[in-house]
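Please see the structure below; I have some questions.
One-based numbering, in listed order, for ligands and for the atoms of each. Everything quoted here is computed from the prediction, not taken from an experiment.
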Amino acid sequence: MDTVITTSVVEAAENIKKGGIVAFPTETVYGLGADIFNEKAIAKVFWAKGRPADNPLIAHIGNLYQIEVLTAVIDSRTNAFIEKFFPGPLTIVLEKSESVPLIATAGLETIGIRMPKHDLALGFLSSCEHPLVAPSANLSGKPSPTDWKAVYADLNGKIDCILKGQTTEIGLESTVLDCTGEIPLVLRKGAVSIEDLQELVPETEIYSSVDPKTPKSPGLKHKHYSPTAKVVIVTDTDDIDLSDEKCAFIGLNKPKQDFTVVRILDTSEEYARNLYSFFRYCDEKKIATIYCQTVEETGIGAALIDRLSRAAN
Ligand code: TXA
Ligand code: MG
């Protein structure tokens with residue numbers, strides 16, 4: 001199949017209406033969209049990514065009215081989250097409505113909903129007839145794509161269209177917040193921090209699974225976010241003992257050793273924005289080990305440490 005590359009939201013939306021699957025930019029990472037009511041197109045998303053069938057997809061909306069077709073009831077607490085954080089890098093998990101097909105939610109009776117804070121994404125989503133399901137537009141197990149070229153490298157020939165936009169602003173996936181229980185639970189950390197959420201609803205907690213085999217967010221048990229190179233997290237750069245292999249470093253302070261590739265960033269935000277493209281670059285350069293400096297665990301730093309830890313495992 002020929003993958004069309006376009007900057008036109010109309011052309012991208014036409015592809016969706018014809019049952020195609022389309023990659024598009026958001027403020028977090030690029031997503032791979034399909035009409036939420038087209039089961040064949042959704043199956044194609046799982047196929048193109050090589051995604052395990054038990055990993056549910058997030059619904060993406062272009063306006064707040066679209067929430068009504070996805071979920072039956074919204075309580076006042078959830079409404080408060082929506083008012084404060086939509087559009088933005090927050091996915092809210094709610095009871096799904098009957099019309100949402102089970103293939104979208106991997107058999108779950110809940111659905112994650114997100115409204116990206118991104119003009120091109122919102123224009124595209126609004127041009128489609130229905131909400132879209134959209135996982136990150138990478139091959140399963142690879143780092144999420146933060147520019148259209150990473151999407152192309154992973155999925156060219158397998159998807160119908162790439163809506164070409166800029167490099168993504170945040171660079172890490174959205175915060176996933178489960179609002180179906182007694183207290184709101186953060187299932188995946190992201191740019192909307194636990195502090196941000198607790199400011200609005202103080203009892204919000206970070207979910208920690210007692211039994212890692214049955215996580216509340218099925219995606220958490222799958223290998224994620226990792227390059228082929230080995231990832232090692234370092235606190236003090238002086239402690240790094242370089243071997244003869246090709247090694248890389250990414251962090252906020254310049255190390256004194258001689259690495260094959262070094263990327264120094266000014267802030268945790270910039271570090272987050274660059275991490276996945278750096279991982280991909282290191283794989284292209286056949287780097288054996290990537291040393292990643294740890295950061296303070298506040299704001300985006302918590303999400304960054306979360307992704308570094310997953311990649312290091
Ligand atoms: O920033 C993002 O969220 C990006 C962009 C494209 O919007 N999307 C994204 O989707 O990261 P994906 O499919 O790569 O990650 C979705 C995560 C997975 O870990 C999945 O298991 C979890 O959200 N998830 C989705 N629906 C869920 C549900 N109903 N209950 C619990 N976890 C859910
Ligand atoms: Mg993903």
Among residues two or more places apart or on two chains, list those pairs meeting side chain to side chain donor-acceptor pair (under 3.5 Å) that have a residue in residues 28-41.
Thr26-Thr28, Thr28-Arg114, Asp35-His130
Glu203 and Pro184: which non-hydrogen atoms are nearest, and at how many Å?
CG-CD, 4.3 Å
Gap between atom CD1 of Ile111 and atom CD1 of Ile92 - 0.5 Å precision:
13.0 Å
Among Gly190, Pro56, Pro145, whose heavy atom sits nearest atom 27 (C) of ligand 1?
Pro56
Angle class for the Trp148/Tyr152 ring planes (parallel below 30°, perpendicular above 60°, tilted otherwise)?
perpendicular
Contacts of Ser97 that satisfy side-chain hydrogen bond (donor to acceptor under 3.5 Å, both in side chains) - sequence neighbours left out:
Ser99
How about Tyr291 and Phe249: are their ring centroids closer than 6.0 Å?
no
Mode of Thr28 contact toward ligand 1 - side chain, backbone, both, neither (heavy atoms, under 4.0 Å)
side chain
Measure the distances from the heavy atoms of Thr105 to every atom of ligand 1 and state whether one is below 4.0 angstrom.
no
Under 4.0 Å from a heavy atom of Thr110: give me the atoms of ligand 1 that qualify, with their elements.
28 (C), 29 (N), 30 (N)
Ignoring hydrogens, just give me the one of Gly33, Pro52, Gly107, Ser174 whose non-hydrogen atom is nearest atom 2 (C) of ligand 1.
Ser174
Proximal atoms of ligand 1 relative to Ser136 (non-hydrogen, under 4.0 Å)
8 (N), 9 (C), 10 (O), 12 (P), 14 (O)
Counting from 1 in the order shown, the ligand 1 atoms closer than 4.0 Å to a non-hydrogen atom of Arg51 are 13 (O), 14 (O)
If I take atom CG from residue Asp160 and atom OG1 from residue Thr6, how far apart are they, to the nearest 0.5 angstrom?
13.0 Å
Is the distance from the Mg ion (ligand 2) to some N, O or S atom of Ser136 under 2.8 Å?
yes
Counting from 1 in the order shown, the ligand 1 atoms closer than 4.0 Å to a non-hydrogen atom of Asn55 are 18 (C), 20 (C), 21 (O)
Within the 4.0 Å heavy-atom shell around Pro135, which atoms of ligand 1 are there?
10 (O), 12 (P), 13 (O)
Per-atom contacts of ligand 1 with Leu187, taking only distances under 4.0 Å to non-hydrogen atoms:
31 (C), 32 (N)
Determine the minimum heavy-atom distance between Ile290 and Phe278, stating which atoms define it.
CG2-CE2, 3.8 Å
Can you measure from OG1 (Thr228) to NZ (Lys142) and round to the nearest 0.5 angstrom?
6.0 Å
I'd like to know whether ligand 1 has His60 as a neighbour, heavy-atom separation below 4.0 Å.
yes
Quick one: which ligand 1 atoms are inside 4.0 Å of a heavy atom on Gly31?
6 (C)
